[in-house]
2 protein chains.
Amino acid sequence: MVDPERSTELLWGARSRRGLSLERIVRAAIELADAEGLAAVSMRRVAERLGFTTMSLYRHVPGKAELVDLMRDEVAGEEPAAGADRRPGWRAELEAWARDGLALYRRHPWLAEPSGTRRVPGPNAVAGFERALGAAARAGLPPAEVVAVVTLVGGFVESAARQVLETARAERRTGVSEEEWWGARDSLFQHLDRYPTLSRIYREGGYDTPLDPFEFGLQRVLDGVEALVRDGTRDETRDETRCAVCGKTVEAAATGRPRDYCSRACRQRAYRTRKS
Amino acid sequence: MVDPERSTELLWGARSRRGLSLERIVRAAIELADAEGLAAVSMRRVAERLGFTTMSLYRHVPGKAELVDLMRDEVAGEEPAAGADRRPGWRAELEAWARDGLALYRRHPWLAEPSGTRRVPGPNAVAGFERALGAAARAGLPPAEVVAVVTLVGGFVESAARQVLETARAERRTGVSEEEWWGARDSLFQHLDRYPTLSRIYREGGYDTPLDPFEFGLQRVLDGVEALVRDGTRDETRDETRCAVCGKTVEAAATGRPRDYCSRACRQRAYRTRKS
DNA sequence: CTCTCACGTGTATGGCGTATACATCTGGTA
DNA sequence: TACCAGATGTATACGCCATACACGTGAGAG
């Protein structure tokens, strides 16, 4: 059903050979999704918006999964807002990348919507990845850690975007704020005295002015990366190395092994990965 | 279509009033999802597995969305593996919580699968949340930050679980390892010289033995939280406070305002949130 | 013993992705 | 100019999905 091979071919192939229809289909689908969400994107509706029959789409796109892949990569190619701050340094660059990512999700909220299709990276998505790699690489980390850092930040952006968009959607749906909505869920909060910490934190005002999950999380994540960077540059001659799985600093064993793991669990994981 | 009110009522209500069917339905649906994925869970298939007609389910469950809510909360109530390490201290507890979360995703991979339904928290999910709040609260952070930390870690676990399960699924599907799969995508990698950093990192072996995204990311995230904790306890008498949006440390302005923001962007965001 | 009503069934509707067979349009060659 | 092959669009149909609605039916309450 889902054919990654065909998807990559479409994503990377010479797009406008005949200059015509594939792009119009993708664009129409994006407009539909922007207006009504991913759920509204059906082959029927896209075709009808273009004034064609449903099956005509299949002359240009193998199926819906590939269409969604193309939609994703198409919007990934949009230029980030030029006005934003572009300070130098790996942290500022990574931060800007993350912020551009969130802006992309804001422009196209359906990106955060679940779709059964597996994601195949297209040229525009890879270009974004490249940009993030460049930023992370300037931190001076070893290559595998550069990749892991970008994966981490990228995953965080998606997760935070989902949270932010979810609450935004909840507010818009009924016209009431998130706070009021939860306030009305008596049926839920009736039971909350079973949870002492939760209700204590609620009483103490932990929910009154919630921190922005994106801004807060981003700073924590980048702080974590920064700790890793500092840890690595601190002292090159020292007899310590990094766990090859999770990156924790570990003192080299007396035996002088070339690579160490911070725990049995991590060692096992490394072996399991290699066995393939 | 999706009715949160009804969902909460079902999730929190006295479950086995008549002792029988709702639980059997949920359990059958979970078995189906465990075996064949969320996509295989249709009202037909669930009913047929129980030896009833499709419509009989609607006597016990208002619709599919609510069924999925119930499935999620049901598995959220499973006991975490008892053998795991249970060291004290907020960091170890939060780490254990995250690891239990990942284990849950491993037992029920469909949790990470996208489903159009919005998630309504049930009692078991809230119990997990309570546990994480307790751990984070022991770090001595102000309440709003405790909530934000748990949100961050929870979001990370979901994101990392998705990544881990995705690669695991990719390996199983064709029987080849992730590495070989990507190696076979010539049509993709042909174009990769357009991306200098990416190909340099690839050449330098950044992809040869990738770090475990869960283990690596978890340590970074917790390092970030730890930096926040240390920052807060370091010096209470100092004339500094935290940005009310993103948690960055900021020096109090000369004017002695009660609450400060680290940047114009964060101040704007705070106002926008309050306007509701 | 009857009434009632929760529970299960049968049938139908409208939407979906897409397989297959057919029609039409177009451009290159004879 | 005539013709034909391939590209492009169309018509119809199938099987799946969630679910609305009207209808039985059987066990417990009065």
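Chain letters run A, B, ... following the sequence lines, proteins first, then strands; residues in each count from 1. Atoms considered below: every heavy atom in the structure, side chains included; atoms not considered: hydrogens, waters and symmetry mates.
- Look at E31(A) and R24(A) and you find no salt bridge, because none of the NZ, NE, NH1 or NH2 atoms lies under 4.0 Å from a carboxylate O.
- With hydrogens and angles disregarded, no donor-acceptor distance shorter than 3.5 Å links the side chain of S56(B) to the backbone of F52(B).
- Between D100(A) and R131(A), at least one side-chain N (NZ, or NE/NH1/NH2) sits under 4.0 Å from a carboxylate O, which counts as a salt bridge.
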Could you run down the sub-3.5 Å N/O contacts of the protein with nucleotides 10-15 of chain D?
| residue | atom | partner | partner atom | Å |
| --- | --- | --- | --- | --- |
| dT10(D) | OP2 | T53(A) | N | 3.1 |
| dT10(D) | OP2 | T53(A) | OG1 | 2.8 |

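- A salt bridge links E158(B) with R162(B): at least one charged nitrogen is closer than 4.0 Å to a carboxylate oxygen.
- Taking 4.0 Å as the cut-off between side-chain N and carboxylate O, E36(B) and R45(B) count as a salt-bridged pair.
- Side-chain N or O atoms of W97(B) include one that pairs as donor or acceptor with a backbone N or O of G128(B) at under 3.5 Å.
- Atom pair L50(B):CG and dC7(C):C1' shows a separation of 15 Å (rounding to whole Å applied).
- Contact annotation: H60(A) side-chain N/O to dG9(D) OP1/OP2 distance is under 4.0 Å.
- Across the protein-nucleic acid pair, L38(A) atom CG and dC16(C) atom P stand 14 Å apart, rounded to whole Å.
- dA20(D) atom P lies 7 Å from atom OH of Y58(B), rounded to whole Å.
- We find that CG of L22(B) is positioned 15 Å from C1' of dG8(C), with the value rounded to whole Å.
- Regarding L67(B), its CG atom lies at a distance of 14 Å from the C1' atom of dT19(D), rounded to whole Å.
- Nearest to the side-chain atoms of M43(A) among the listed nucleotides dC16(C), dG17(C), dA18(D) stands dG17(C).
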